[in-house]
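Every value quoted in this text rests on a predicted model; they were computed, and no experiment measured them.
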Amino acid sequence: MNIDQELDITKRISGGDKLAFKELFDLYYKPLCVYAIKYIDSFEEAEDIVQSLLASFWVRFSSKEFSGSLRSYLFSSVRNNCIRSSKSKPNISLDFIDYNMEAEETFDFVEKAETDYTFIYREIDKLPPQCRKVFDAVIVNNMKYKEAAEMLGVSVNTVKTQLSRAMKQLRKSIEHIIVLFLI
């Protein structure tokens, strides 16, 4: 998305345009959820954080003008909300905070990572078969845990466990991307 598109969407949102909010949601929801997984283990929690952020953005800016970079605002807000969420839980390691990257560096990284889909698809292909099936059902096909469990003939807890394993494995792969972009 370029700056003109961002300005158009934010201007329309500040006028209360619900269609503009839907465009914002459709454009950023999944990338923000994937980005949140870098900080937390649960895709459900990532979805909750992103949905809350987008809803609060609508409430806050549907009647007043937003200024600044929409992309930077959304990604840094997701990061901060994930960190806050992790801090409120006991026994969670926050070693990843030590990267201490500036906001603009973070978004340069995200833009670079978005262009390398082939790497991400290769990493998804490396998932164990059951993890891959669950990942495809829940993440790619946007199924609820219960729906995925029924389709795969497993329990909801198995879906949650397999998805958690998939996310941990993908997170490790994504950390390698981060290191490559920081060098």
Where [X] and [Y] come nearest, the two heavy atoms and their spacing:
X    : Y    : result
C131 : Q162 : SG-OE1, 3.0 Å
Q169 : P128 : OE1-CD, 3.4 Å
A148 : V138 : CB-CG2, 3.9 Å
C82  : Y39  : CB-CB, 3.6 Å
A36  : V78  : CB-CG1, 3.7 Å

Would you say [X]'s side chain and [Y]'s backbone share a donor-acceptor pair under 3.5 angstrom?
X    : Y    : value
E150 : E147 : no
E65  : K11  : no
D8   : D4   : no
T10  : L7   : yes
S164 : K160 : no

With rounding to the nearest 0.5 Å, note down the distance linking [atom1] in [X] to [atom2] in [Y].
X   : Y   : atom1 : atom2 : result
S72 : L70 : OG    : CG    : 9.0 Å
L32 : L53 : CG    : CG    : 7.0 Å
E44 : C33 : CD    : SG    : 11.5 Å
F61 : I13 : CZ    : CD1   : 10.0 Å
L27 : R71 : CG    : CZ    : 8.5 Å
S62 : K18 : OG    : NZ    : 9.5 Å

Do [X] and [Y] come close enough that some side-chain heavy atom pair is under 4.5 Å?
X    : Y    : result
L163 : Y145 : yes
K133 : M151 : no
I49  : I40  : yes
F43  : F135 : no
D125 : R132 : yes
V159 : K146 : no
S85  : N81  : no
E6   : S69  : yes

Next item on the list: Could you check L74 against L24 for side-chain contact (heavy atoms from CB on, under 4.5 Å), going step by step and ending with a plain yes or no?
Entry: CA-CA 10 Å; L74 293 174; L24 171 78; 3.8 Å; yes

Margin query: Run the side-chain contact (heavy atoms from CB on, under 4.5 Å) test on E47 and N142 for me, step by step, so that the C-alpha distance in whole Å, both residues' side-chain angles and the decisive distance to 0.1 Å come before the verdict.
Written below: CA-CA 11 Å; E47 287 182 311; N142 208 20; 4.2 Å; yes

Notebook entry, point to check: Using the ring of each side chain (for Trp, its six-membered ring), is Y29 parallel, tilted or perpendicular to F25, with breaks at 30° and 60°?
Noted result: parallel

Next item on the list: Return the orientation label for the F75 and Y28 ring planes: parallel under 30°, perpendicular over 60°, tilted otherwise.
Entry: perpendicular

Checklist line | Residues L127, I124; criterion side-chain contact (heavy atoms from CB on, under 4.5 Å); working and verdict | finding: CA-CA 5 Å; L127 291 172; I124 292 170; 4.3 Å; yes

Next item on the list: Please find out if less than 6.0 Å separates the ring center of F66 from that of F57.
Entry: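 Aromatic pair counts; centres sit under 6.0 Å.
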
Notebook entry, point to check: Is it true that the side chains of T158 and S155 contain a donor and an acceptor less than 3.5 Å apart?
Noted result: yes

Next item on the list: Please report the C-alpha distance between E23 and R12 in whole Å, then the side-chain angles of each, then the deciding distance to 0.1 Å, and finally whether the side-chain contact (heavy atoms from CB on, under 4.5 Å) criterion is met.
Entry: CA-CA 11 Å; E23 289 174 32; R12 290 172 38 218; 2.8 Å; yes

